[in-house]
Amino acid sequence: MKRVNINSGWQFRSIGGKRSVRKGAWQSITLPHDAMIHEPRTPRTGNGYNTGYYPGGTYEYRTTLDFVDLPAACLLEFEGVYPGATVLVNDEPAGELTYGYGDYYLDIAGLLHAGANAITVLVDNSHVPNSRWYSGSGIYRPVWLWTADSADVIRPDTVRINTTIAEGSMQDANAVATVSIALDDPLILGQYVSVVITDTDGNAVTEFQDGNGTIDHARLWSPDSPMLYTAHITLHDADGIMLDTHEERFGIRTLTCDAQHGLCINGKRVILNGGCVHHDNGILGAATLPQAEYRRARIMKTQGFNAIRSAHNPLSKAFLDACDELGLLVMDEAFDMWWMHKTSYDYAGSFREHYADDLAAMICKDRNHPSVVLYSIGNEIADTKSPRAAEAARSMRDIIRGLDPTRPVIDCVNPISLTMAAKTQAGMDQHDAKVEGEPGLNTTLEHASGPALLTAIDKLMPAALATGIMQRQTSDVFDEVDVAGLNYCRQGPERFHRKHPDRVFCASETYPQEIAYTWPDAQRLPYFIGDFVWTGWDYIGEASVSAWAYANPEPYGWMREYGNRMAIRGRATGPYRRYPGLLGGSGLIDITGMPTGQMLYRQIVAGARRTPAITVRPMQLLYGDGATRAGRTSRFIERGHDGVESWSWAGYESREAIVQVFSGGKTVQLMLNGNVVGTSPVRQCMAEFHVPYEPGELIATAYDAHDRAISSSTLTSAGPAMQITTRFEHVVNPYPDSDPRWEASELIFESIALTDADGVVHVTDDRHITVLPGGSVVVGTALSDDGASADRRQSYVPHDVSHDGASAEGVLAHTSHVNNELQELLSHAELLGVASANPITFDELTGNACTTYFGRAQAIWRVQPERHAYVS
């Protein structure tokens, strides 16, 4: 079938929230579109901290499809509409979308007529809360039209490609691969399929009919060498006449997983160094723009991850395409709940009726992606201890194996939350209202004892495991899957292995600091296949769940915004923050794409980085304005380190800086301005120093066990000059121009920093900024706790800065790293939003202003040519 891009020419309007029936004005939009991110945040929304205080609503989308000649077959594909939708074609029902992360194909051929055809999509996201994280609203992923001139077609979701490699030919240069192509739909008598396989250069490497073909000297797909092929499939009738065609990209590799050898790709063991990833794209909200998906995947790979876990729903097609090309492995996750609700209106209400179809849709969508190596049937499912859970796991495993028997199935269980969950004797088709409404751990964490409770449980985990209760509660479900996923239970694999020596384990969700334990364990235990940290990339929602609390009032105003609950004065506080909490705050990579200190730590532990990483705990948060001693800190366990990679702490001279150096050496020596500060042993890949701050040059040198220098790293303080430095990252559509998914739209990511003349960032001098057309920046006054300029900082007048680097008294100079071509694009680009990585801020992501965070912020622009509605 022919794929047609129909993402332009749409109109959108809000048709009222839960308490309103007032309809908004129609707006012209281009899909994908997130309605929620454009709505003002409010502390009064029922979504609360779950979505970062973005509300829900009800919406209507419409477009027109013009057909001169009606196609014989026509499918309307929705990659994702949250939380679901009713679709009408010419005011006639075309179908219901029941899962907000599902991929749906609606057969609309019988509803079309020649001429203009009205497509209407009605979305109701007013029943809140329905998600534990930022969900977005509306048609947030692309929509496609699939057409054909014949009624006999190759449906895009029915193609399955399997590859095998001849024994003894596993080496890439000599691999002999067999490729088999099959369709889920049976062919009509006499019809047959012909296939041509081409490599990345477009050269044909084999041709065959009905069945399989052989590729000599096949180039294998692996994380280090992600080679891809394309299958060109043609459906013929009995006379050889072509009925339909389809193209599908795939990779050739083997995948095995067992307790004796671990997870192996092409016969070689791979340890999963993974990060969990929610579906939002920061400033863009939930809108799945392929440029942003590719950029995020590329950054994660560059920073050292070799795997991602989709948390906790199916990934977009664009993200999977990026993982295929980059060599990122994927744990593909279907559901966050089964029968038992985690929020009042979540998917649990639909699970019983729709899980089988929605799981099958995910498998059909993703099974030809070589990057997918695990299928997850659930995350922290509270039903796990109930008898019906094993039956459900068996049902889902059988659905998966019926559609794709080549990948292992995993269920990701949190033993902590499971011990707190209710239990039912109800069967799969029986309803237990009392138990199914039980919220489990998440609501428990809202209470004041949340962080302390988790920390205590973590310390008591070995004793809890010794009782055997966690093993008994999970055993029946784990018997039905190939891999036992354990969330926040790092001692579990070795403990459970004693009773289940043939079971494979994965640390499917871990605290960032636990990599110091899980990585060595995975290296020595073949049945332990890897670690997925919470989270690889920061996200909207679960408002500030991982933001630490600092006792002293700080210039960011966290105390002012949260009141005494944020202070440490003998009071515990729940992890979720009240308004204006926005981001989760646990990301190893922040929402702008910058690595945090937690990412640097993981790089050291996992061996992705050899040189020491120097971080300093944030002095403005430890000391606040005017304090002479660092205040106490309440650390939430989901954030392991709060250090910043900077030695620019102006205003805190002579106060003690806490320097944490991450290193794989045995000892670290620290020098400040040519003087040795001290030498410290490295424990769990970290050495710590307490140093009176003075500006200059800080050098950390790592030494091995024989006192030989291994490597050094340096941090330099920012000078007294202050300027705005902007850098622009130009991200084009990742698909080739021959692909229907290609379009001329581009994203431009503008990195904004407060720096000295050499580009060193001022991390203690945050300011309100406004981004103007063309990328210029207006800079406001420096921040302090009361909103006025602090005495120790120089005050600047807001000013529209130029790009020539010139400065005058009271005006920030502006240095822009942009060429003439990019400048021309910016002149007519649309500003999609401006934000920093601050998890606690009043800012709206889609605005043109924000407050910098440790001296940094980001703006995102879209350059989009004029496009029109679809005409056949």
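The basis for the numbers below is simple: all heavy atoms, side chains too, and nothing from hydrogens, waters or symmetry mates. Remember, predicted model here, so these are calculated numbers, not experimental data.
Between Arg3 and Glu247 there is no salt bridge, since none of the side-chain N atoms of the basic residue sits less than 4.0 Å from a carboxylate O of the acidic one.
Arg503 forms no cation-pi arrangement with Phe496, by the criterion of a distance under 6.0 Å to the ring centre and an angle within 45° of the ring axis.
Partners of Phe478 by ring-ring contact (aromatic ring centres under 6.0 Å, His included), not counting sequence neighbours: none found. In this structure, the ring-ring contact (aromatic ring centres under 6.0 Å, His included) partners of Phe662, at least two apart in sequence or on a different chain, are Tyr601, His641. Annotation: salt bridge (Lys or Arg N to Asp or Glu O under 4.0 Å) contacts of Glu391 (sequence neighbours excluded): none. With sequence neighbours left out, the salt bridge (Lys or Arg N to Asp or Glu O under 4.0 Å) criterion links Asp482 to Arg401. Asp404 is linked by a salt bridge (Lys or Arg N to Asp or Glu O under 4.0 Å) to Arg407, counting only residues two or more places apart in sequence or in another chain. Every side chain to side chain donor-acceptor pair (under 3.5 Å) that Ser194 has, sequence neighbours left out, goes to His236.
Heavy atoms of other residues, nucleotides or ligands lying less than 6.0 angstrom from CD of Gln260 number more than 12.
In summary, of the residues considered (Arg298, Met594, Met599), a side chain to side chain contact (heavy atoms under 4.5 Å, CB included) with Gln303 occurs for Met599 alone.
Between Phe505 and Tyr527, the ring-plane angle classifies as perpendicular under the 30° and 60° cut-offs.
Aromatic pair His279/Trp537: centroids not less than 6.0 angstrom apart.
For the pair Ile515 and Thr510, the minimum side-chain heavy-atom distance is 4.5 Å or more.
No hydrogens or angles considered: nothing links the side chains of Tyr488 and Glu514 as a donor-acceptor pair under 3.5 Å.
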